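Keep in mind that what you see is a predicted model, and the values were worked out from it rather than measured.
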Amino acid sequence: MNEVDLRVSKIKDGTVIDHISGGYALDVVKILGITCKEKRVITIAINVHSKNFGTKDIVKIEGRALNSDEVNRIALVAPHASINIIRNYAVVEKLEVKLPKTIGGIVKCVNPVCITNSDEPIVSNFSVESVEPLILKCHYCGYMLEKSDVLSQM
């Protein structure tokens with residue numbers, strides 16, 4: 001490693017979210033509900049050089065593991081991310097974020113006349129039409145949501 005390389009320190013225990021699309025680290029932090037007022041170290045690297053993607057972002061969160069709901073939410077904005085669970089400075093589990101074919105209950109349809117936006121207790125359900133760019137199709141009304149629609153709800 002030469003002097004112009006970025007150096008980010010290792011964490012003892014926690015989660016590293018790597019290969020986030022360049023410029024989306026702060027959206028991932030928002031999705032996770034991190035306010036930066038927590039009493040833990042959080043490292044955010046934005047637009048770091050990546051051989052595979054040109055640029056990428058990295059988020060390191062000490063002392064926290066992610067649940068499956070959080071992983072699904074991350075998949076909406078960072079479909080190529082990888083999640084490393086760290087224990088005693090070593091990777092003990094490596095997860096690839098995969099966007100499922102259908103998504104339910106995470107985001108709402110933005111169509112105001114959709115049945116999911118009525119007084120009926122109906123959980124939203126979307127099929128993933130495209131990963132890059134993100135396009136979700138509402139199961140009930142057929143409305144197409146884009147990444148910006150999803151980000152506005154997180």
Rounded distance (nearest 0.5 Å) linking atom OG of S130 with atom NZ of K137: 13.5 Å
Validation row: F126, I106 side chains within 4.5 angstrom (heavy atoms): no
Lys/Arg N to Asp/Glu carboxylate O, R64 vs E70, below 4.0 Å: yes
V41 with V16, same ILVMFWY side-chain cluster at under 4.5 Å: no
Trace of the side chain to side chain contact (heavy atoms under 4.5 Å, CB included) decision for H80 with E96: CA-CA 7 Å; H80 304 294; E96 293 295 322; over 6 Å; no
Co-membership, hydrophobic cluster, residues M144 and V150, 4.5 Å side-chain: no
From CG (N84) to NZ (K60), nearest 0.5 Å: 9.5 Å
Distance, nearest 0.5 Å, that separates CG of N111 from CG of L145: 9.5 Å
Heavy-atom side-chain contact between N72 and I103 under 4.5 Å: no
Partner residues of I115 under the side-chain contact (heavy atoms from CB on, under 4.5 Å) criterion, sequence neighbours left out: S118, E120, I122, Y140
pair I74-I20: side-chain heavy atoms closer than 4.5 Å: no
hydrophobic_cluster_shared for V29 and V71, side chain cutoff 4.5 Å: yes
Close side-chain approach of K147 and I135, heavy atoms under 4.5 Å: no
Exercise: identify the closest heavy-atom pair between K56 and I58: CE-CD1, 3.9 Å
Atom pair CG (L95) and CD1 (I85), whose distance is rounded to the nearest 0.5 Å: 5.5 Å
Side chains of C141 and C109 in contact at under 4.5 Å (non-hydrogen atoms): yes
Distance-only donor-acceptor check, side chains E129 and S127, under 3.5 Å: yes
Nearest atoms (heavy-atom pairs only) where A25 meets D57: N-OD2, 2.8 Å
Minimal non-hydrogen separation, L134 against L99, with atom names: CD1-CD2, 3.7 Å
R73 side chain near L66 side chain, heavy-atom distance below 4.5 Å: no
Minimum-distance pair of heavy atoms, taken over all atoms of R87 and A65: NH2-CB, 4.1 Å
Working for side chain to side chain contact (heavy atoms under 4.5 Å, CB included), residues I61 and R40: CA-CA 7 Å; I61 310 160; R40 67 179 84 233; 3.7 Å; yes
Residues I46, I44; criterion side chain to side chain contact (heavy atoms under 4.5 Å, CB included); working and verdict: CA-CA 6 Å; I46 298 174; I44 301 170; 3.8 Å; yes
Same apolar cluster: V91 and I11, side chain cutoff 4.5 Å: yes
Side chain proximity check, V59 to T43, heavy atoms < 4.5 angstrom: no
Taking every non-hydrogen atom, the tightest pair across V131 and P79: CG1-CB, 3.4 Å
Pairwise distance NZ(K12) to OH(Y89) - rounded to 0.5 angstrom: 6.0 Å
Residue pair T15 / I83, side-chain heavy-atom distance below 4.5 Å: yes
Gap separating the CG atom of N117 from the NZ atom of K108, nearest 0.5 angstrom: 7.0 Å
Joint hydrophobic cluster, Y143 plus V107, side-chain heavy atoms closer than 4.5 Å: yes
Over all atoms of both residues, closest heavy-atom pair of C138 and C114: SG-SG, 3.6 Å
Side chain to side chain contact (heavy atoms under 4.5 Å, CB included) assessment of L151 paired with D27: CA-CA 7 Å; L151 287 172; D27 294 310; 3.7 Å; yes
